[in-house]
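Notes for the one structure printed next.
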Amino acid sequence: MSKPSIPQGTRDFSPVVVRKRQYILNTLRDIFELYGFQPLETPAMENLVTLTGKYGEEGDRLIFKILNNGLHEMKEEKRNKFNEELTKVMSKAYSSPVVTERALRYDLTIPFARYVVMNQNDLAFPFRRYQMQPVWRADSPQAGRYREFWQCDADVVGSTSLINEAELLCIYQSAFHQLQIPVKIKINSRKLLAALAELCGTPEKMIDITVALDKLDKIGWDGVTKELRERGIEDAGIDQISKVISITGDNQAKLEQLTALMTNTPIGLQGIKELSISLSYYSGLADAGWGGTIEVDISLARGLNYYTGVIVEVVCDSDKVKMGSIGGGGRYDDLTGLFGLKGLSGVGVSFGIDRIYDVLEQLDAFPAQLASGAKVMLVNFGGDNERYAISVLKQLRDAGVAAELYPDAAKFDKQMKYANKRAMAYVILPGDEEREKHLVSLKNFATGAQQMITLEECVKLLK
RNA sequence: GAGGUUGUAGCUCAGUUGGUUAGAGCAUCAGAUUGUGGUUCUGAGGGUCGAGGGUUCGAGACCCUUCAUCCUCCCCA
């Protein structure tokens, strides 16, 4: 007998953990629905060709490919061909439709784009959807990084209105307010980064600048300078970048200074205008009770290179927590163009469920009542008492009280220990005396107090 | 792709320069206790020391190979 284990980079979620995760997911779901987003689910596997070439060379290697089935019923000749191709596939980054033509979903964005293109005739655009599902990556796991993890996305496609940007900001604010996580939302525009590349005199280096700048938090300005040099940016250009990212003040002041710096780059001015309009829409929609701050941050880059407009990132704003971003998103033009549907602009946000979980744990901000499960357990005394217990059990459930009966007439001590371990709030003792009097003895497990009462009174207490 | 960590009971881990029959806590089961839990006491079961090879009179420990694991860098969420 081999010891049981689970695949590298996967996790079991125990009951308490599932409850806490569901609390996060339910909170987000309610908000998405409130803002008119519709739920979407796509299959765990996609056709391999749908995924390949969408995540870059590195990404292609990290896609979990699924071996074709039906090997046992192949004809001799086909099986030989299969084995030949399999050897090739195993030896290097090589794909063969003979061996694998499906793969596990790598993220939710590409399947979403695929869905939109396939259903373009039926969808009402702008299409607002949210999706919360696991994704898989054949990456080597490390702390906080798994081969199976959940993503939670909300996107709007088919509209270029900046109201969408403002609404997604509201969703972030509302969500983290409800979850009681203090946050700072950083906002920028890819157009400003494009303008920055122009200011450097190297507009074609925008991606290089973006990737380098994205590491500012991690490696500091000196590190970024070094990386920019390695990526072929001249010192004069680095000076320009330095000048732009070091502007200070509130959002209004920052945008004004930027305007001055970028008067000669139309794309920069447009980016500034978009940020300004988004923020103004936002202030019309925002609730005064939300605590999070929204801050224009020119150094915010976001690694993903399909973003083209406004980009955002959420970080936890608390001294007690050290954590990278817990959410991010932005506008992307033409994502569906990959599948032949051109001219559809989209904007979306993503919530980092695992990190949000960790933050809530560190802040000790999960609601206390999540810990307890079923409310009450009935002790099983066997025989006639068991029959009585079953009738009480049914009546409790009919009244909407979460209850369970210990299934065996085991020793009393054992049953009580079980109830204790399960963290039951109450225990009901349906024994001889209770059965004869048609009453129940209800014991409060926290206080130890016990009373013999009618079932009606009992239900009233437990509801 | 590069580097490092750890593999001993179901779980978490001790195990001295290589030396008799490999230990503890938790968990499980039984008993003190057949209607009163959280903290008690007693006892029991449970091990091819990750796998394979080597050195040695003798290996859980040393060497080689291999597998697994966790972590760091790269990259990413």
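Proteins come first, then strands; the chains are lettered A, B, ... in the order of their sequence lines, and each starts at number 1.
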Take atom [atom1] of [X] and atom [atom2] of [N], then tell me their distance rounded to the nearest Å.
X: A:Y307; N: B:rC76; atom1: OH; atom2: P; answer: 13 Å
X: A:E58; N: B:rA2; atom1: CD; atom2: C1'; answer: 13 Å
X: A:R231; N: B:rC74; atom1: CZ; atom2: P; answer: 12 Å
X: A:D139; N: B:rC76; atom1: CG; atom2: P; answer: 10 Å
X: A:M416; N: B:rU33; atom1: CE; atom2: C1'; answer: 14 Å
X: A:E148; N: B:rC76; atom1: CD; atom2: P; answer: 22 Å
X: A:Y406; N: B:rU36; atom1: OH; atom2: P; answer: 17 Å
X: A:I428; N: B:rG35; atom1: CD1; atom2: P; answer: 18 Å

Would you indicate which nucleotide in [options] comes nearest to any side-chain atom of [X]?
X: A:K421; options: B:rC70, B:rC76, B:rA27; value: B:rA27
X: A:R145; options: B:rG35, B:rG38, B:rC74; value: B:rC74
X: A:E434; options: B:rG38, B:rG35, B:rU69; value: B:rG35
X: A:R355; options: B:rA77, B:rG37, B:rU36; value: B:rA77
X: A:K417; options: B:rG38, B:rU69, B:rU72; value: B:rG38

- Task: Take A:E386 and A:N380 through the side-chain hydrogen bond (donor to acceptor under 3.5 Å, both in side chains) test and state the conclusion after the steps.
- Result: CA-CA 6 Å; A:E386 184 180 274; A:N380 188 333; 2.9 Å; yes

So which nucleotide does [N] pair with, by the Watson-Crick or G-U wobble rule with both distances under 3.5 Å?
N: B:rU6; result: B:rA68
N: B:rC13; result: B:rG23
N: B:rC62; result: B:rG54

- Message: Could you go through A:T10 and A:E148, starting from their C-alpha distance and side-chain angles, then the distance that decides it, and tell me whether this counts as side-chain hydrogen bond (donor to acceptor under 3.5 Å, both in side chains)?
- Response: CA-CA 6 Å; A:T10 65; A:E148 179 187 72; 6.0 Å; no

So what does [X] hit on the nucleic acid, given a heavy-atom distance under 4.0 Å: a base, only sugar-phosphate, or nothing?
X: A:F445; result: base
X: A:G352; result: nothing
X: A:E313; result: nothing
X: A:G448; result: base
X: A:Q142; result: base
X: A:G144; result: base
X: A:D432; result: base
X: A:A143; result: sugar-phosphate

[M] and [N], which share atom name [atom1], separated by this distance in whole Å:
N: B:rC73; M: B:rC11; atom1: P; value: 30 Å
N: B:rG54; M: B:rA9; atom1: P; value: 25 Å
N: B:rA27; M: B:rG35; atom1: P; value: 24 Å
N: B:rG10; M: B:rC75; atom1: C1'; value: 38 Å
N: B:rA77; M: B:rC62; atom1: P; value: 42 Å
N: B:rG15; M: B:rA59; atom1: C1'; value: 14 Å
N: B:rC74; M: B:rU8; atom1: C1'; value: 35 Å
N: B:rA68; M: B:rA32; atom1: C1'; value: 45 Å

- Interatomic distance, A:W136 atom CH2 to A:I66 atom CD1 [nearest 0.5 angstrom]: 9.0 Å

- Message: Quick check: on RNA chain B, is the nucleotide nearest A:L62 upstream (toward 5') of the one nearest A:T10, or the reverse? Name the residue that is more 5'.
- Response: A:T10

Would you say the base of [N] and the side-chain of [X] have a donor-acceptor pair closer than 3.5 Å?
X: A:R61; N: B:rC75; answer: no
X: A:Q450; N: B:rU36; answer: yes
X: A:K443; N: B:rU36; answer: yes

- Message: A:R137: which residues meet the salt bridge (charged side-chain N to carboxylate O under 4.0 Å, His left out) condition with it, sequence neighbours left out?
- Response: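 Residues passing salt bridge (charged side-chain N to carboxylate O under 4.0 Å, His left out) with A:R137: none at all.
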
- Query: So, is A:Q8 close to the B:rU69 phosphate, meaning a side-chain N or O under 4.0 Å from OP1 or OP2?
  - Reply: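 Yes, within the criterion.
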
- Task: Using only side-chain N and O atoms of A:K411, determine if any of them is under 4.0 Å from OP1 or OP2 of B:rG35.
- Result: no

- Query: Do A:Y106 and A:F64 have their ring centres less than 6.0 Å from each other?
  - Reply: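 Ring centroids of A:Y106 and A:F64 are no less than 6.0 Å from each other.
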
- Task: Verify the ring-centre separation between A:Y130 and A:F37: is it less than 6.0 angstrom?
- Result: no

- side-chain hydrogen bond (donor to acceptor under 3.5 Å, both in side chains) evaluation trace for A:Y146 with A:D354: CA-CA 10 Å; A:Y146 304 94; A:D354 292 292; over 6 Å; no

- Message: Between the side chains of A:R129 and A:D155, is the shortest nitrogen-to-carboxylate-oxygen separation below 4.0 Å, so that they form an ion pair?
- Response: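 A:R129 and A:D155: salt-bridged.
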
